[in-house]
Amino acid sequence: MQLTQDPHRRFNALTREWVLVSPHRALRPWQGAVEKILADHQPRYDPTCYLCPGNSRAGGVHNPAYKNTFVFDNDFAALKPDTHPDRLDIDGKGLLVAEGEPGTCRVMCFSPRHDLTLSTMETADIAEVVRTWTAQFRELGMRPDINHVQIFENRGAMMGASNPHPHCQIWATHSLPEAPARELAAQAEYHRQKSGCLLCDYVALEYSQKERIVCQSDSFAAIVPFWAIWPFELLICSRRHLASLTDLSADEQSQLADILKQVTSTYDRVFDIPFPYSMGFHQAPTDNTAHLEWHFHAHFYPPLLRSATVRKFMVGFEMLGTPQRDITPETAAERLRSLCARK
Ligand SMILES: [Zn+2]
Ligand SMILES: [Zn+2]
Ligand SMILES: [Zn+2]
């Protein structure tokens, strides 16, 4: 079996799930006629935007005239802190089970400027974003009712982002959500069996092979993982073993800002448009336990496949069976690497 031409399954060591790869289908001629979408030019300030400084939000609350980042509790939060985490087994046989989920949802603006994105912000300003993420993670993670803090950004209307103002969300929950729970189980088992860290070993392997590394710095590497599902998926890993944002040194905070700028600006060059994605950090649970097995990382899941408008859908076999991709992670990495200003 050859990974470059034969249909095969790849194992995701981090989630212990499989992805189907069909490289022969990507040998069809590249239909990469890049459809230029006219960049829709945003103003520096939009009087109708509920995230711009000084504007009013739902319920008539006014945003302050903030200068860097700005965080507030989501006006339409999916979670409420005063919920009781009690469990109901309605039928007594485990078929109708529910559990209260206490939590907090926040919105964080990256910049007062309505027209910027992580890819166009100055690295020093992204470092300020990293410091705010760190403070939020520390504050929310210290709460006894909070065991996990998920920081994520949906960029672009295709990903459901309703507002172009550069911002992310922070959802802090009592329970450990599904994706990090799967990764925790895999990392903990690896740690027990091999007395080492799954992602430290994986990153070392990627550095020895080099084919899937897109860009890097002294402290971080951006890799199209061997088991990537989305065409241009990326995994950003710290090169040092650490569990969360709060473990970063001041220099590493700047280096994280730098790799985020490299990745997002590389993405924008793929189809010459602001590249849509969902991204987020996976950090150790905040459950008052030392998680020596956990390795800090971020995932970027961009949906675009062939052009600025042709996206991948997770339907059919993927919805009912297992995720599938045509273009191999190695080919995607090569393409992204060629577009990265610093490799
Ligand atoms: Zn705005
Ligand atoms: Zn590690
Ligand atoms: Zn993860």
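Indexing begins at 1, ligand by ligand and atom by atom, following the structure's order.
Counting heavy atoms from C-beta outward, Cys168 and Trp133 have side chains that approach closer than 4.5 Å. Counting heavy atoms from C-beta outward, Arg143 and Pro81 have side chains that approach closer than 4.5 Å.
For Arg155 and Tyr267, the positive end is not near the middle of the six-membered ring at less than 6.0 Å and at most 45° from its axis.
Aromatic ring orientation, Trp18 versus Phe11: tilted (interplanar angle from 30° to 60°).
Its N, O or S atom nearest to the Zn ion (ligand 2) is what matters here, and for His241 that atom is ND1. His282 has its closest N, O or S atom to the Zn ion (ligand 3) at the position named ND1. When you scan the N, O or S atoms of His114 for the one nearest the Zn ion (ligand 1), you land on ND1.
The Zn ion (ligand 1) has an N, O or S atom of His165 under 2.8 Å away, backbone or side chain.
Rounding to 10 degrees, one finds that the Zn ion (ligand 2) sits at the corner of an angle of 110° between Cys197 SG and His295 ND1. In this structure, OE1 of Glu183 and NE2 of His299 enclose an angle of 160° at the Zn ion (ligand 3), rounded to 10°.
Donor-acceptor pairing under 3.5 Å is lacking for the side chains of Glu128 and Thr69.
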